[in-house]
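The chains referred to below are lettered A, B, ... by the order of the sequence lines, with proteins before strands, and numbering in each begins at 1.
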There are 2 protein chains.
Amino acid sequence: MSRRSGILEFAVLGLLRESPMHGYELRKRLNTSLGVFRAFSYGSLYPCLKTLVQQGWLAEEPGRSPDDPRATALSNRRAKIVYRLTADGKERFEELLGQTGPDAWEDEHFGVRFAFFGQTSRDVRMRVLEGRRSRLEERLAKMRASMARTREKLDAYTLELQRHGMESVEREVRWLNELIESEREGRDHRDPPHHGDQRPPDGAPERPRPGPPDDTTT
Amino acid sequence: MSRRSGILEFAVLGLLRESPMHGYELRKRLNTSLGVFRAFSYGSLYPCLKTLVQQGWLAEEPGRSPDDPRATALSNRRAKIVYRLTADGKERFEELLGQTGPDAWEDEHFGVRFAFFGQTSRDVRMRVLEGRRSRLEERLAKMRASMARTREKLDAYTLELQRHGMESVEREVRWLNELIESEREGRDHRDPPHHGDQRPPDGAPERPRPGPPDDTTT
DNA sequence: AATTTCATGTAATTCGTTACATGATTCC
DNA sequence: GGAATCATGTAACGAATTACATGAAATT
């Protein structure tokens with residue numbers, strides 16, 4: 001019954017933390033802002049919202065779209081249900097933000113975790129980035145071993161597929177290296193090679209816990 | 001009931017087409033040769049094998065590992081179950097190979113389709129590659145539109161995430177361009193118009209001529 | 001007036017995993 | 001003879017989708 005997906009829950013709480021929204025709008029943001037990696041359908045979203053309300057993390061408000069000036073006064077024409085984060089919900093989200101288990105850097109989770117780095121403390125950001133990197137390096141090692149073993153036996157297409165796959169992983173590792181370097185230097189990654197201008201994240205809560213990164217991933 | 005996964009079924013038929021195998025070995029090949037993209041567990045594989053046998057596409061043989069010289073004679077010590085492709089199974093696989101619906105170039109399917117390009121006729125290869133490319137270009141267009149709309153409102157991390165995502169897609173498009181170009185140039189004269197006879201797995205398959213002029217890696 | 005887009009939801013189904021249960025074979 | 005790996009399977013669960021069902025609001 002409990003349609004708690006982990007990642008969907010996390011994303012919903014995170015988006016509602018910024019501002020209240022109704023389901024339809026929430027879904028659009030889910031599939032654009034964060035949606036390069038994942039797409040959710042209503043069949044997932046609405047049940048999830050329901051359970052989050054039951055948990056006490058969200059509150060429902062009959063309402064109109066918040067940027068609709070017309071409907072402020074005389075409308076009892078409820079149709080949209082606007083969800084907002086409760087105090088408990090905020091607490092819950094921050095608890096999730098602080099988690100740095102292996103889950104945080106698996107393929108499915110990493111993207112959405114990164115998307116909310118603006119809300120994440122620096123040491124957690126570091127742990128997640130480094131965890132992700134060592135996860136990928138592990139994977140690279142396996143791929144290299146596998147390619148060494150089977151080099152001769154595979155046809156050109158399979159080989160090309162593996163080569164391209166490895167290159168993709170290597171590319172992500174380089175990306176992570178740049179990000180980690182930026183975090184370390186304390187600058188926000190605005191200078192790395194040649195991307196357009198970026199604004200620093202605004203409300204990043206800086207907790208100065210200099211914990212050594214938990215390197216033993218797996 | 002029917003644990004037919006589409007992609008798992010396809011991969012199993014394709015691997016067994018090359019040589020008979022038992023489940024355990026099959027799973028390893030699934031997760032190395034093709035496994036950059038997907039990993040399957042026994043809980044998926046064995047039920048799938050069962051239904052493929054029921055369909056008449058696979059046949060079970062009590063057997064030993066085919067490269068174990070000791071056990072050739074006196075062993076009734078069955079433990080492994082070696083699966084081989086039946087005639088119907090071959091037909092089925094070739095039917096699947098020929099399909100060029102939109103399914104063939106979605107994220108999940110494309111990898112495994114590509115892995116068996118060595119068995120695929122040229123025109124189908126072309127359609128799959130071009131289908132994949134236009135799918136990605138579609139996605140790029142959406143991402144660009146979305147970024148144009150929301151540029152100002154997002155924090156640096158979200159933006160960086162989107163930028164990296166877009167770059168990944170662009171990179172895959174360039175890869176596809178090279179592959180399509182190679183296919184176009186490398187017209188092999190020995191191209192069978194419709195399926196029927198396939199080369200033995202040892203015979204040199206056509207080379208995709210990946211031609212990597214950029215060696216940004218290694 | 002009709003069509004599109006907005007908006008919310010439920011039921012059945014798909015695709016796959018994890019945890020469990022069992023046992024043979026090989027290596028030390 | 002004990003551990004690691006090989007080998008096969010099942011039951012319970014998980015996460016998300018698709019298809020369905022409904023209806024209000026905006027646009028043409």
For A:R84, is there an ion pair with A:E60 - N to carboxylate O distance below 4.0 angstrom? no
Between [atom2] of [N] and [atom1] of [X], the distance in whole Å:
{"X": "B:L45", "N": "D:dA7", "atom1": "CG", "atom2": "P", "answer": "13 Å"}
{"X": "B:F40", "N": "C:dT18", "atom1": "CZ", "atom2": "C1'", "answer": "16 Å"}
{"X": "B:L8", "N": "C:dG16", "atom1": "CG", "atom2": "P", "answer": "6 Å"}
{"X": "A:Y42", "N": "D:dT22", "atom1": "OH", "atom2": "C1'", "answer": "15 Å"}
{"X": "B:E108", "N": "D:dT17", "atom1": "CD", "atom2": "C1'", "answer": "12 Å"}
{"X": "B:L26", "N": "D:dA7", "atom1": "CG", "atom2": "C1'", "answer": "13 Å"}
{"X": "B:E25", "N": "C:dA24", "atom1": "CD", "atom2": "C1'", "answer": "17 Å"}
{"X": "A:E106", "N": "C:dT17", "atom1": "CD", "atom2": "P", "answer": "13 Å"}

Apply side-chain contact (heavy atoms from CB on, under 4.5 Å) to A:D155 and B:F116, showing your working. CA-CA 9 Å; A:D155 68 286; B:F116 290 105; over 6 Å; no
message = Taking the ring centre of each residue, are B:F10 and B:F93 less than 6.0 Å apart?
response = yes
Next on the checklist: Do B:R27 and B:S41 pair up side chain to side chain, a donor and an acceptor below 3.5 Å, judged on atom types alone?
Outcome noted: no
Where the side chain of B:T158 meets the backbone of B:L154, is there a donor-acceptor pair that is under 3.5 Å apart? no
Given [options], which nucleotide is nearest the side-chain atoms of [X]?
{"X": "A:H22", "options": "C:dA7, C:dG9, C:dG16", "value": "C:dA7"}
{"X": "B:Y24", "options": "C:dC6, D:dC6, C:dG9", "value": "D:dC6"}
{"X": "A:K80", "options": "C:dA7, D:dA16, D:dA7", "value": "C:dA7"}
{"X": "A:Y46", "options": "C:dG16, D:dT18, C:dA7", "value": "C:dA7"}

Phosphate oxygens OP1/OP2 of C:dT17: is one of them under 4.0 Å from a side-chain N or O of B:S41? yes
On DNA chain D, more 5' by nearest nucleotide between B:K28 and B:Y83 is B:K28
